[in-house]
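The block underneath contains the structure these notes are about, expressed in structure tokens.
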Number of protein chains: 2
Amino acid sequence: MVEKEARSPVNTVTFRLGVLGAWQEARYTERLAGLELKPKHVALLGVLRIKGAESQLELAGVMRVAPSLVVQLADHLEALGAIERVRDPADRRRQRLTLTKDGIRLLNAAGDLAEELDEELTAPLAPADRAALTRILERLAAHTGIPTE
Amino acid sequence: MVEKEARSPVNTVTFRLGVLGAWQEARYTERLAGLELKPKHVALLGVLRIKGAESQLELAGVMRVAPSLVVQLADHLEALGAIERVRDPADRRRQRLTLTKDGIRLLNAAGDLAEELDEELTAPLAPADRAALTRILERLAAHTGIPTE
DNA sequence: TATTGTTATACTCTATAACTATA
DNA sequence: TATAGTTATAGAGTATAACAATA
């Protein structure tokens, strides 16, 4: 009979994802400051490009955040000129959000910043491991229902 | 001349680590509730087992959180009987924190919960990819100075 | 005077609840 | 009456600043 070794939680994937994720997100937040964006704004823009959104409520569902948060994020993005809100003529309660040219530029700029951070983070990894990490995280994201482009 | 493809930030390692990490940490927080612990408490216990701490200030440095937060976390863990605070006789300003038997039990229980979540999260991965993920995250943790047991 | 720990306060993020407009 | 969006409020988490004890 094999006694299971008591492993410290700090060595689990769960724990390390949490710590590394928070660490990397903090650094991303700093770099995004120049664009007047925070990661959640980027997430909203990203979802818009991937699949659009027939309503803000739908967007809240996809992003798994409260509808009231989508309002705040969209307010800011609209003020930046990154998105446009268009009332659905068929149902005037709904606001359709669309990416503007400037929004696409912002999203690409945010993408460049994220890639820079990727480079820095994965610098100590062998090329094969970098590729593996990218592939595995994509797999996990897809499996947990996180939007993927 | 190769034009670099504009990649969406949502497909970067940086962004996915942030989203997956927050998602998994939220689930871990739920499961830990029964132990009256939050992830930061587990982190403190974990660091204590790995390397001990000559002072709370040192612990704050290792954990990369404010000293005032260590006080709160330690207050709670002491109330649970998981740690003991012992004044350093040589320098009575310092509080040395030590894990108790109960603290070790709690840490192990928290480890079991994290392993359960690991199983669930990595279920869709091939065994080789699970191993790769564990190995790569450990590598990244070590490289960014995150404590490792 | 400098350092450790603690307490008081404030800020950020985000959710819940209440409200408005439209259906 | 039900739904989309919005606004108001509240809570969690954590940092910064002020303070106390010891060196």
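Within every chain, numbering begins at 1; the chains are lettered A, B, ... in the order of the sequence lines, protein sequences first and strands thereafter.
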For the pair His76(B) and His41(B), name the ring-plane relationship: parallel under 30°, tilted 30 to 60°, perpendicular over 60°.
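Answer is tilted, since the angle falls between 30° and 60°.
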
What's the [atom1]-[atom2] distance between [X] and [N], to the nearest Å?
X	N	atom1	atom2	value
Leu59(A)	dG5(D)	CG	P	9 Å
Asp75(B)	dA8(C)	CG	P	12 Å
Arg85(B)	dA21(D)	CZ	P	16 Å

State yes or no: do [X] and [Y] share one hydrophobic cluster built from I, L, V, M, F, W and Y residues joined by side-chain heavy-atom distances below 4.5 Å, directly or via other members?
X	Y	value
Ile104(B)	Leu48(B)	yes
Trp23(A)	Leu20(B)	no
Leu73(B)	Leu57(B)	no

Output one letter per nucleotide in nucleotides 10-16 of chain D: B when a protein non-hydrogen atom lies under 4.0 Å from the base, S when only the sugar-phosphate is that close, - when neither is.
---SBBB

Stepwise side chain to side chain donor-acceptor pair (under 3.5 Å) test for Gln56(A) and Arg94(A)
CA-CA 7 Å; Gln56(A) 294 182 181; Arg94(A) 294 178 179 232; over 6 Å; no

Tell me what Arg96(B) touches on the nucleic acid: a base, only sugar-phosphate, or nothing, going by heavy atoms under 4.0 Å.
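No contact.
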
Could you list all N or O pairs between the protein and nucleotides 2-4 of chain D that sit under 3.5 Å apart?
residue	atom	partner	partner atom	Å
dT3(D)	O4'	Arg93(A)	NH1	3.4
dT3(D)	O2	Arg93(A)	NH1	2.9

Could you check Glu119(B) against Arg130(B) for salt bridge (charged side-chain N to carboxylate O under 4.0 Å, His left out), going step by step and ending with a plain yes or no?
CA-CA 9 Å; Glu119(B) 292 292 330; Arg130(B) 285 199 214 192; 3.3 Å; yes

Using heavy atoms to find the nearest nucleotide of DNA chain C for Arg87(B) and Asp88(A) separately, return the residue whose nucleotide is more 5′.
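Nearest nucleotide further toward 5': that of Arg87(B).
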
Does Arg96(B) form a salt bridge (charged side-chain N to carboxylate O under 4.0 Å, His left out) with Glu54(B)? I'd like the steps, not just the answer.
CA-CA 5 Å; Arg96(B) 190 182 310 252; Glu54(B) 295 305 305; 2.6 Å; yes

Should the pair Asp118(B)-Arg16(A) be classified as a salt bridge under the 4.0 Å nitrogen-to-oxygen rule?
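A salt bridge is absent here (no side-chain N lies under 4.0 Å from a carboxylate O).
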
